[in-house]
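Quick note: residue numbers are just sequence positions, from 1. One-based numbering, in listed order, for ligands and for the atoms of each. These figures come from a predicted structure and were not determined experimentally.
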Amino acid sequence: MQKSEELIGKKVLVTAGATYEPIDPVRFIGNRSSGKTGAALAEEFYLRGAEVYLIYGNIHVPLPTYSGIKKIYTPTAQQMFDVCVKLFTDVDMAVLAAAVADYTPIQFSTVKIKKEDGEMTLHLKKTPDILKTLGEQKKQNQILAGFALETNCLIENAQKKLTSKNADVIFANICSEENPAFHVDENEIVALFKNNQMKKLGKNKKYILAEKMVDELVMLLHDKI
Ligand code: CTP
(Lines give C-alpha, C1' and ligand atoms only; values in the text may rest on other atoms or scores of the structure.)
Protein backbone atom coordinates (compact mmCIF):
# COMPACT_ATOMS: atom_id res chain seq x y z
CA MET A 1 0.00 0.00 0.00
CA GLN A 2 1.93 3.04 -1.23
CA LYS A 3 0.32 6.31 -0.13
CA SER A 4 2.11 8.69 -2.46
CA GLU A 5 5.08 9.10 -4.78
CA GLU A 6 6.46 12.30 -3.30
CA LEU A 7 9.71 10.66 -2.13
CA ILE A 8 10.41 8.40 -5.10
CA GLY A 9 14.13 8.55 -5.90
CA LYS A 10 14.98 9.81 -2.40
CA LYS A 11 17.04 7.94 0.16
CA VAL A 12 16.36 8.37 3.85
CA LEU A 13 18.27 7.10 6.87
CA VAL A 14 16.33 6.63 10.11
CA THR A 15 17.75 5.55 13.48
CA ALA A 16 15.52 3.89 16.07
CA GLY A 17 15.57 2.27 19.47
CA ALA A 18 18.05 2.32 22.31
CA THR A 19 21.74 1.52 22.28
CA TYR A 20 22.90 -0.82 25.03
CA GLU A 21 26.45 -0.30 26.20
CA PRO A 22 27.86 -3.57 27.57
CA ILE A 23 29.42 -3.72 31.04
CA ASP A 24 29.92 -7.50 31.05
CA PRO A 25 28.27 -10.40 29.16
CA VAL A 26 24.96 -9.95 31.02
CA ARG A 27 24.78 -6.26 31.99
CA PHE A 28 24.55 -3.02 30.08
CA ILE A 29 23.80 0.70 30.31
CA GLY A 30 20.63 1.49 28.39
CA ASN A 31 17.48 3.55 28.38
CA ARG A 32 13.72 3.14 28.04
CA SER A 33 13.27 3.87 24.32
CA SER A 34 11.02 1.33 22.57
CA GLY A 35 11.84 2.27 18.97
CA LYS A 36 8.19 2.94 18.14
CA THR A 37 8.70 6.43 16.72
CA GLY A 38 11.69 5.43 14.58
CA ALA A 39 9.88 2.37 13.21
CA ALA A 40 6.79 4.48 12.38
CA LEU A 41 8.96 7.08 10.62
CA ALA A 42 10.75 4.43 8.53
CA GLU A 43 7.41 2.96 7.45
CA GLU A 44 5.95 6.37 6.60
CA PHE A 45 8.98 7.34 4.47
CA TYR A 46 8.75 4.02 2.65
CA LEU A 47 5.01 4.43 1.97
CA ARG A 48 5.73 7.79 0.36
CA GLY A 49 8.18 6.19 -2.06
CA ALA A 50 11.57 6.63 -0.36
CA GLU A 51 14.34 4.05 -0.19
CA VAL A 52 14.84 3.64 3.54
CA TYR A 53 17.75 2.55 5.72
CA LEU A 54 16.53 1.73 9.22
CA ILE A 55 19.48 1.62 11.58
CA TYR A 56 18.14 0.19 14.78
CA GLY A 57 19.36 -0.59 18.24
CA ASN A 58 17.42 -2.45 20.89
CA ILE A 59 13.71 -2.21 20.29
CA HIS A 60 10.48 -3.43 21.85
CA VAL A 61 8.16 -3.16 18.86
CA PRO A 62 7.88 -5.12 15.60
CA LEU A 63 9.83 -3.48 12.79
CA PRO A 64 8.26 -2.85 9.37
CA THR A 65 8.78 -5.85 7.10
CA TYR A 66 8.66 -4.17 3.65
CA SER A 67 11.58 -5.34 1.55
CA GLY A 68 12.22 -1.71 0.50
CA ILE A 69 13.31 -0.91 4.05
CA LYS A 70 16.89 -2.03 4.59
CA LYS A 71 17.34 -2.84 8.26
CA ILE A 72 20.71 -2.83 9.97
CA TYR A 73 21.03 -3.85 13.61
CA THR A 74 23.50 -1.75 15.59
CA PRO A 75 23.24 -2.60 19.29
CA THR A 76 25.84 -0.10 20.57
CA ALA A 77 26.44 3.62 20.02
CA GLN A 78 29.78 2.98 18.30
CA GLN A 79 28.21 0.47 15.88
CA MET A 80 25.31 2.85 15.11
CA PHE A 81 27.80 5.69 14.59
CA ASP A 82 29.95 3.66 12.16
CA VAL A 83 26.98 2.63 10.01
CA CYS A 84 25.38 6.10 9.98
CA VAL A 85 28.61 7.88 9.03
CA LYS A 86 29.21 5.39 6.22
CA LEU A 87 25.68 5.72 4.78
CA PHE A 88 25.16 9.45 5.28
CA THR A 89 27.05 10.54 2.15
CA ASP A 90 24.58 8.50 0.08
CA VAL A 91 21.26 9.78 1.51
CA ASP A 92 19.09 12.85 1.02
CA MET A 93 17.91 12.93 4.59
CA ALA A 94 18.79 11.50 8.02
CA VAL A 95 16.31 11.40 10.88
CA LEU A 96 17.92 10.37 14.14
CA ALA A 97 15.18 9.04 16.39
CA ALA A 98 17.35 6.57 18.31
CA ALA A 99 18.00 7.07 22.00
CA VAL A 100 21.76 6.71 21.91
CA ALA A 101 23.47 6.19 25.26
CA ASP A 102 25.63 9.24 25.98
CA TYR A 103 28.21 7.20 27.95
CA THR A 104 29.70 3.74 27.62
CA PRO A 105 31.93 1.76 30.01
CA ILE A 106 35.65 2.32 29.37
CA GLN A 107 36.27 -1.36 29.94
CA PHE A 108 34.19 -4.39 29.04
CA SER A 109 34.60 -7.36 31.32
CA THR A 110 34.54 -10.62 29.32
CA VAL A 111 33.41 -12.46 32.45
CA LYS A 112 30.41 -11.63 34.63
CA ILE A 113 31.48 -9.19 37.33
CA LYS A 114 31.02 -10.68 40.82
CA LYS A 115 29.65 -8.49 43.58
CA GLU A 116 31.97 -7.51 46.41
CA ASP A 117 31.56 -5.70 49.72
CA GLY A 118 31.33 -1.90 49.58
CA GLU A 119 30.74 0.48 46.70
CA MET A 120 31.47 -0.14 43.09
CA THR A 121 32.70 2.45 40.59
CA LEU A 122 32.05 2.16 36.91
CA HIS A 123 34.30 4.28 34.67
CA LEU A 124 32.54 5.69 31.62
CA LYS A 125 33.57 7.57 28.51
CA LYS A 126 31.43 9.58 26.09
CA THR A 127 29.99 7.82 23.06
CA PRO A 128 30.48 9.41 19.64
CA ASP A 129 27.73 11.96 18.88
CA ILE A 130 26.10 10.81 15.64
CA LEU A 131 23.89 13.87 15.19
CA LYS A 132 26.79 16.28 15.72
CA THR A 133 29.08 14.38 13.36
CA LEU A 134 26.47 14.20 10.59
CA GLY A 135 25.80 17.92 11.17
CA GLU A 136 29.49 18.61 10.50
CA GLN A 137 29.45 16.48 7.35
CA LYS A 138 26.10 17.70 6.01
CA LYS A 139 26.06 18.97 2.44
CA GLN A 140 23.88 21.85 1.20
CA ASN A 141 21.19 19.59 -0.28
CA GLN A 142 20.89 17.22 2.71
CA ILE A 143 18.34 17.41 5.52
CA LEU A 144 19.26 16.43 9.06
CA ALA A 145 16.67 15.96 11.81
CA GLY A 146 17.25 15.19 15.47
CA PHE A 147 15.14 14.66 18.55
CA ALA A 148 15.23 16.22 21.97
CA LEU A 149 13.64 14.68 25.00
CA GLU A 150 13.60 17.02 27.92
CA THR A 151 12.11 17.10 31.38
CA ASN A 152 12.40 20.91 31.62
CA CYS A 153 13.20 24.02 29.52
CA LEU A 154 12.08 22.07 26.44
CA ILE A 155 12.17 24.82 23.82
CA GLU A 156 15.35 26.48 25.12
CA ASN A 157 17.28 23.19 25.22
CA ALA A 158 15.95 22.02 21.86
CA GLN A 159 16.93 25.34 20.28
CA LYS A 160 20.48 24.97 21.63
CA LYS A 161 20.61 21.45 20.18
CA LEU A 162 19.43 22.72 16.77
CA THR A 163 22.34 25.16 16.58
CA SER A 164 25.08 23.10 18.20
CA LYS A 165 24.36 20.03 16.04
CA ASN A 166 23.75 21.99 12.80
CA ALA A 167 20.40 20.22 12.32
CA ASP A 168 17.61 21.52 10.06
CA VAL A 169 14.92 20.55 12.51
CA ILE A 170 14.67 19.23 16.06
CA PHE A 171 11.56 17.38 17.13
CA ALA A 172 11.22 18.10 20.81
CA ASN A 173 9.12 16.07 23.18
CA ILE A 174 8.58 16.64 26.83
CA CYS A 175 8.99 13.85 29.32
CA SER A 176 6.76 14.37 32.36
CA GLU A 177 4.36 12.43 34.52
CA GLU A 178 1.44 13.33 32.20
CA ASN A 179 3.51 12.63 29.08
CA PRO A 180 5.97 9.83 29.92
CA ALA A 181 7.18 9.49 26.26
CA PHE A 182 8.50 5.92 26.74
CA HIS A 183 6.57 2.69 26.25
CA VAL A 184 3.32 4.57 25.56
CA ASP A 185 1.36 5.01 22.35
CA GLU A 186 1.11 8.79 22.51
CA ASN A 187 3.55 11.64 22.45
CA GLU A 188 3.51 15.43 22.22
CA ILE A 189 5.92 17.03 19.77
CA VAL A 190 7.05 20.54 18.91
CA ALA A 191 9.13 21.04 15.75
CA LEU A 192 11.85 23.70 15.87
CA PHE A 193 13.33 24.85 12.59
CA LYS A 194 16.55 26.64 11.64
CA ASN A 195 14.76 29.88 10.75
CA ASN A 196 13.48 30.09 14.35
CA GLN A 197 10.07 28.89 13.25
CA MET A 198 8.30 26.68 15.75
CA LYS A 199 5.36 24.40 15.00
CA LYS A 200 3.30 22.43 17.48
CA LEU A 201 2.54 19.01 16.02
CA GLY A 202 0.27 18.31 19.00
CA LYS A 203 -0.37 15.33 21.22
CA ASN A 204 -1.24 12.21 19.30
CA LYS A 205 -0.52 8.54 18.60
CA LYS A 206 3.12 8.05 17.63
CA TYR A 207 2.27 6.83 14.12
CA ILE A 208 0.11 9.95 13.48
CA LEU A 209 2.95 12.16 14.73
CA ALA A 210 5.30 10.25 12.39
CA GLU A 211 3.05 11.25 9.47
CA LYS A 212 3.14 14.88 10.60
CA MET A 213 6.93 14.83 11.01
CA VAL A 214 7.36 13.34 7.54
CA ASP A 215 5.06 16.09 6.14
CA GLU A 216 7.42 18.69 7.62
CA LEU A 217 10.53 16.90 6.36
CA VAL A 218 9.13 16.55 2.84
CA MET A 219 8.52 20.33 2.80
CA LEU A 220 12.10 20.97 3.94
CA LEU A 221 13.45 18.66 1.26
CA HIS A 222 11.41 20.36 -1.45
CA ASP A 223 12.70 23.77 -0.29
CA LYS A 224 16.26 22.53 -0.89
CA ILE A 225 15.59 21.20 -4.40
N1 CTP B 1 22.26 11.41 19.44
C2 CTP B 1 23.25 10.94 18.62
N3 CTP B 1 24.39 10.41 19.13
C4 CTP B 1 24.60 10.37 20.46
C5 CTP B 1 23.60 10.86 21.32
C6 CTP B 1 22.45 11.37 20.77
O7 CTP B 1 23.06 10.99 17.40
N8 CTP B 1 25.72 9.85 20.95
C9 CTP B 1 21.04 12.00 18.85
C10 CTP B 1 19.73 11.32 19.17
O11 CTP B 1 19.40 10.34 18.21
C12 CTP B 1 18.76 12.49 19.14
C13 CTP B 1 19.60 13.63 19.66
O14 CTP B 1 20.94 13.29 19.38
O15 CTP B 1 18.36 12.81 17.83
C16 CTP B 1 19.50 13.84 21.14
O17 CTP B 1 20.45 14.80 21.50
P18 CTP B 1 21.37 14.70 22.77
O19 CTP B 1 22.17 15.94 22.83
O20 CTP B 1 22.08 13.44 22.89
O21 CTP B 1 20.26 14.68 23.85
P22 CTP B 1 20.45 14.26 25.28
O23 CTP B 1 21.00 12.88 25.40
O24 CTP B 1 19.14 14.52 25.90
O25 CTP B 1 21.61 15.25 25.69
P26 CTP B 1 21.69 16.33 26.79
O27 CTP B 1 21.70 15.55 28.03
O28 CTP B 1 22.97 16.99 26.44
O29 CTP B 1 20.48 17.20 26.60
Undergrad: Using a strict cut-off of less than 4.0 Å between a Lys/Arg side-chain nitrogen and an Asp/Glu carboxylate oxygen, indicate whether Lys132 and Glu136 qualify as a salt bridge.
TA: yes
Undergrad: Return yes when atom CD of Glu116 has more than 12 non-hydrogen atoms of other residues, nucleotides or ligands closer than 6.0 Å, and no otherwise.
TA: no
Undergrad: What do we get for Lys132 next to ligand 1 when only non-hydrogen atoms under 4.0 Å count, side chain, backbone, both or neither?
TA: neither
Undergrad: Can you find an N/O atom of Ala97 closer than 3.5 Å to an N/O atom of ligand 1?
TA: no
Undergrad: Among protein heavy atoms, which sits nearest to atom 7 (O) of ligand 1, and what does the distance come to when rounded to 0.1 Å?
TA: Leu131 N, 2.8 Å
Undergrad: Taking only heavy atoms of Thr127, which atoms of ligand 1 are found under 4.0 Å from at least one of them?
TA: 8 (N)
Undergrad: At the 4.0 Å heavy-atom cut-off, does Asn157 count as touching ligand 1?
TA: no
Undergrad: Could you check if a side-chain atom of Lys126 sits within less than 4.5 angstrom of a side-chain atom of Tyr103, using non-hydrogen atoms only?
TA: yes
Undergrad: Under 3.5 Å, side chain of Asn166 to main-chain N/O of Lys138, donor-acceptor pair present?
TA: no
Undergrad: Would a distance-only check, ignoring hydrogens and angles, find a side-chain to backbone donor-acceptor pair under 3.5 Å from Asp92 to Lys11?
TA: yes
Undergrad: Should you measure from each heavy atom of Pro128, which atoms of ligand 1 turn up under 4.0 Å away?
TA: 3 (N), 4 (C), 8 (N)
Undergrad: Measure the distance from atom 24 (O) of ligand 1 to every protein heavy atom, then report the residue, atom name and distance (to 0.1 Å) of the closest one.
TA: Lys161 NZ, 3.5 Å
Undergrad: Less than 3.5 Å between some nitrogen or oxygen of Ala99 and one of ligand 1, yes or no?
TA: no
Undergrad: Tell me whether Ala148 reaches ligand 1 (any heavy atom closer than 4.0 angstrom to a ligand atom).
TA: no
Undergrad: Is the backbone N or O of Ile113 less than 3.5 Å from a side-chain atom of Arg27, with the two atoms forming a donor-acceptor pair by type?
TA: yes
Undergrad: Pull out every atom of ligand 1 sitting under 4.0 Å from any heavy atom of Ile130, numbered as shown with elements.
TA: 2 (C), 3 (N), 4 (C), 7 (O)
Undergrad: Looking only at protein heavy atoms, which one is nearest to atom 16 (C) of ligand 1, and what is the separation?
TA: Phe147 O, 3.1 Å
Undergrad: Take the angle between the ring planes of Phe147 and Phe171 and call it parallel below 30°, perpendicular above 60°, tilted in between.
TA: tilted
Undergrad: Just to check, does Lys126 reach to within less than 4.0 Å of ligand 1 when the distance is taken from its heavy atoms?
TA: no
Undergrad: Atom 15 (O) of ligand 1: which protein heavy atom is closest, and how many Å away?
TA: Leu96 O, 2.7 Å
Undergrad: In the protein, what heavy atom is nearest to atom 23 (O) of ligand 1, and what distance, to one decimal place, separates them?
TA: Asp102 OD2, 2.8 Å
Undergrad: I need the atoms of ligand 1 closer than 4.0 Å to a non-hydrogen atom of Gly146, numbered in the order shown.
TA: 15 (O)
Undergrad: Please list, in number order, the atoms of ligand 1 under 4.0 Å from a heavy atom of Lys165.
TA: 18 (P), 19 (O)
Undergrad: Would you mind checking which non-hydrogen protein atom is closest to atom 1 (N) of ligand 1, with the distance to 0.1 Å?
TA: Val100 CG2, 4.0 Å
Undergrad: I want to check something: taking the side chain as every heavy atom from C-beta on, are Ile130 and Val85 in contact at a cut-off of under 4.5 Å?
TA: no
Undergrad: Any N or O on Ala98 sitting closer than 3.5 Å to an N or O of ligand 1?
TA: yes
Undergrad: Strictly by modelled atom types, are Thr19 and Glu21 linked by a side-chain donor-acceptor pair under 3.5 Å?
TA: yes
Undergrad: So, the side chain of Lys71 versus the backbone of Pro64: is there a donor-acceptor pair under 3.5 Å, distance only?
TA: yes
Undergrad: Decide whether Leu131 and Ile72 are clustered together by the hydrophobic rule: side chain heavy atoms of Ile, Leu, Val, Met, Phe, Trp, Tyr closer than 4.5 Å, transitively.
TA: yes
